Structures are given as C-alpha cells and as structure tokens.
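Heads up: the structure comes next, in structure tokens.
Computed from a predicted model, the values in this text were never measured in an experiment. Side-chain atoms are counted along with the backbone in the values below, which use heavy atoms only and exclude waters and symmetry mates.
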Amino acid sequence: MLDYSDYSTMINELEDTQSDEQPLREQSREQHEFVEKKDGMWDPDVWRKMSGRPRMTYDQTTPIRNQVAGELEQADFDIKVRPAGGDATKELAKLRDGIIRNIENMSNAVEIFNHASRANITAGIDGCRVVTEFVESDSFDKDLLIVPLTNFLNRVWYDRTSEKQDRSDADFCWDIQSIPKHEYDKQWPKGSGTSVSTVQVRSDRRLDEVVIGEFLYKKPVDIEIVQMSDGKVYMADKYEPVKDELEAQGITETDRRTRKGHLVYSRMFDGSDWLEDEVDTIFEWLPIVPIYGNFRIDEDNKPVYYGIVRNLMDPQRAVNY
C-alpha cells in the first residue's frame, strides 16, 4: 500500500503513472488535434512538402463524429434505481431516484454528459467530478453537484493497479491543474510557488501561473451500522442523533455490526511539497469519474482506450492527399 503521507513516494508514483500512460495520452491528444486544429487532418510532413500547391481538406470525419454524438445526445441515460431484494423497497428506490434526478437537474448534468461523450467519441477519454457545495452562503447545509473537469485528458491520472473501466477499484488518483500565481499566493502564502513538473497541463502555460495537484486517496475504515425494527439500516453516527425520535415512533434497534469500508481523503501539493494537511471528505469512492471509449486491459496489464477518430485518420489523410 502506498504511503499516502510521504510526499516523495506520492510524486514518484505520479511520475511512474504518467510515464506508463503518456504514449496513450499522446494518441488521444493527436485525435483531438486532428479534428479541432486548423489543417490538423493533414500529415505534417506531407503538408510541408506540398507548400505552394493547393492543400484542401475534404472533411469526411466530422460528420461521422457528429452523427454518433447526436445519437448519444438524443438517448436517455438517466439513472434508474430499482429495489434488488433484502431490505430494499420500491419507496426507498423511488426516493433515491428522485434525489439523483435532483442532483442532475441542479448540475445541468445533461450538458456535462454530452460534452464528455463528444470528447470520448473523439479521443476515448473524458470525465467529470462529484463535489459538495453549500446551499447558500449563510447555510451549513450542502448539496451534491456534478461538475465538468476541463482538460480531463491532461489533468487526471489514476492508480496504475486499477482495471475497471469506471476506475471504481482505484485506491487513489490525481487532479493536476494550473492556477494564477496570485490565487496560489492567496491560498498558500507560505508555499514555494514551484510548479508540478511531472505533467505539462497546457503547452502555453504563462509565467504567472503555477501548476498544482490534488491527491485523492481511499483509506480503509470500520463502519458501524445499525438495523432497525422497520428494516431500515443506519450508520451508527447518523443513528444516534435521531435515536429518541425513532423510539418515539416505536422503531427500535434490532441488530448492530461493523463492516469494512473506505473514506476518501484529499491533500493539495505543488512541485516541492504538500501545501496543506489531509482533509477528509464525505465520499467512500473517488469522486472523479472517467468516461472511456473502446476500453480494455491489454496483455501487459495496461489500459487501452481510443475514440472513433483514430481509425478514420489514415483514410481522411489519403482523401486529402
């Protein structure tokens, strides 16, 4: 198990992770540039050799990409919660379904999912994140929200040992991003101002920006759960505050046990050291969710993913030529 408290161990693992996956990320960047960069659908060497002659682009790739993206945008991918036996009930499933729909509506999740899907179709990787935010500035209540992660391709990296397509088996991940220097100085006035040098978040990063990272990791914890006479199950820390209220309704405790679980912690860092102490979150799973296309684990036990554009690049270049 990785020593989460040791900065050197953490940063070395990040370097190794990026080194392993960098060739695949480069392919994904090339797929994005192919359809988004001006004259990107030409082979660079051929483009230079044909200087002074017509160099037309007969784009047959974008319509195919748009067709697939359009079909996905018209599809209904709403989460459906259904009872699956045990203590599950239709009423509880309906309640959770409503909560999830509310989170999606407040987050404008459809737009986030559509944008991530289009990036996934293009290059095989994108994603989003679940966060908590205060309901109002003067409130202590928080809402769950789904937010986009711009530049997901360059900023998010996962535990190399994870194998599942949704990375739910990952023990840790990193979110690397560039922020303005004045914002860095405001949040961490004692920080060194050194950028994380293991990844180039953006090729045109200005001198007045600092590249920092957030390290998210799961720690095993024992969670005590309580079963009630009406069949509902509470975590012990959530049960104690409402114990008297439940007893007044004739609902009593019937059983109690401890189960194994996880709690996600977060810690910020820069290119030289930790920026702050670890902070616990409300999450049991890593709150950054990837979306992969054509995903599999190859014979070297490494992930493989790519978008629809990859297999269209050579035919498109031949048409242009």
Checklist entry - Step by step, would you call I112 with H115 a side chain to side chain contact (heavy atoms under 4.5 Å, CB included)? => result CA-CA 5 Å; I112 295 172; H115 181 274; 6.0 Å; no
Item to check | Any pair counted as ring pair (Phe, Tyr, Trp, His ring centres under 6.0 Å), so long as it reaches residues 29-71, sequence neighbours left out | outcome: W42-W47
Side-chain donor-acceptor contacts of residues 254-266 below 3.5 Å, not counting sequence neighbours, with atom names and distances?
residue: T254; atom: OG1; partner: Q227; partner atom: O; Å: 3.1
residue: R256; atom: NE; partner: E253; partner atom: OE2; Å: 3.0
residue: R256; atom: NH1; partner: E224; partner atom: OE2; Å: 3.2
residue: R256; atom: NH2; partner: E240; partner atom: OE2; Å: 3.4
residue: R256; atom: NH2; partner: E253; partner atom: OE1; Å: 3.0
residue: K260; atom: NZ; partner: D222; partner atom: OD1; Å: 2.9
residue: S266; atom: OG; partner: E214; partner atom: OE2; Å: 2.6

Item to check | Non-neighbouring partners of D159 that pass salt bridge (charged side-chain N to carboxylate O under 4.0 Å, His left out), sequence neighbours left out | outcome: none
Item to check | Hydrophobic cluster (4.5 angstrom, side-chain heavy atoms) - remaining members for L246 | outcome: V226, M228, Y234, Y239, V242, I251
Item to check | Pairs touching residues 310-321 that satisfy salt bridge (Lys or Arg N to Asp or Glu O under 4.0 Å), sequence neighbours left out | outcome: E30-R317
Checklist entry - With sequence neighbours left out, what residues match K243 under side chain to side chain donor-acceptor pair (under 3.5 Å)? => result none
Anything under 3.5 Å between a donor and an acceptor, one on a side chain of residues 299-306, the other on a protein residue two or more places apart or in another chain? List them.
residue: Y305; atom: OH; partner: E21; partner atom: OE2; Å: 2.5
residue: Y305; atom: OH; partner: R25; partner atom: NE; Å: 2.9

Checklist outcome for this item: For T17, the side-chain contact (heavy atoms from CB on, under 4.5 Å) test, sequence neighbours excluded, returns E13, W157, R160, W174
Checklist entry - Does the side chain of I146 come within less than 4.5 Å of I103's, by heavy atoms? => result yes
Next on the checklist: Under the rule for side chain to side chain donor-acceptor pair (under 3.5 Å), what residues qualify as partners of D280, not counting sequence neighbours?
Outcome noted: none
Checklist entry - Quick one: ring pair (Phe, Tyr, Trp, His ring centres under 6.0 Å) partners of Y184, sequence neighbours excluded? => result W188
Checklist entry - In the hydrophobic cluster built from side-chain contacts under 4.5 Å, what are the other members alongside M106? => result V131, L145, V147
Item to check | E36 CD: over 12 foreign heavy atoms closer than 6.0 Å | outcome: yes
Next on the checklist: I'd like to know if R29 and E26 make a salt bridge, using a cut-off of under 4.0 Å between side-chain N and carboxylate O.
Outcome noted: yes
Checklist entry - Do Q187 and L275 pass the side chain to side chain contact (heavy atoms under 4.5 Å, CB included) test, and can you show the C-alpha distance, the side-chain angles, and the key distance before you say yes or no? => result CA-CA 9 Å; Q187 293 192 51; L275 291 171; over 6 Å; no
Checklist entry - Taking only residues two or more places apart in sequence or in another chain, which ones pass side chain to side chain donor-acceptor pair (under 3.5 Å) with R296? => result none
Next on the checklist: So for atom CD, which belongs to Q74, do other residues, nucleotides or ligands contribute more than 12 heavy atoms lying within a distance under 6.0 Å?
Outcome noted: no
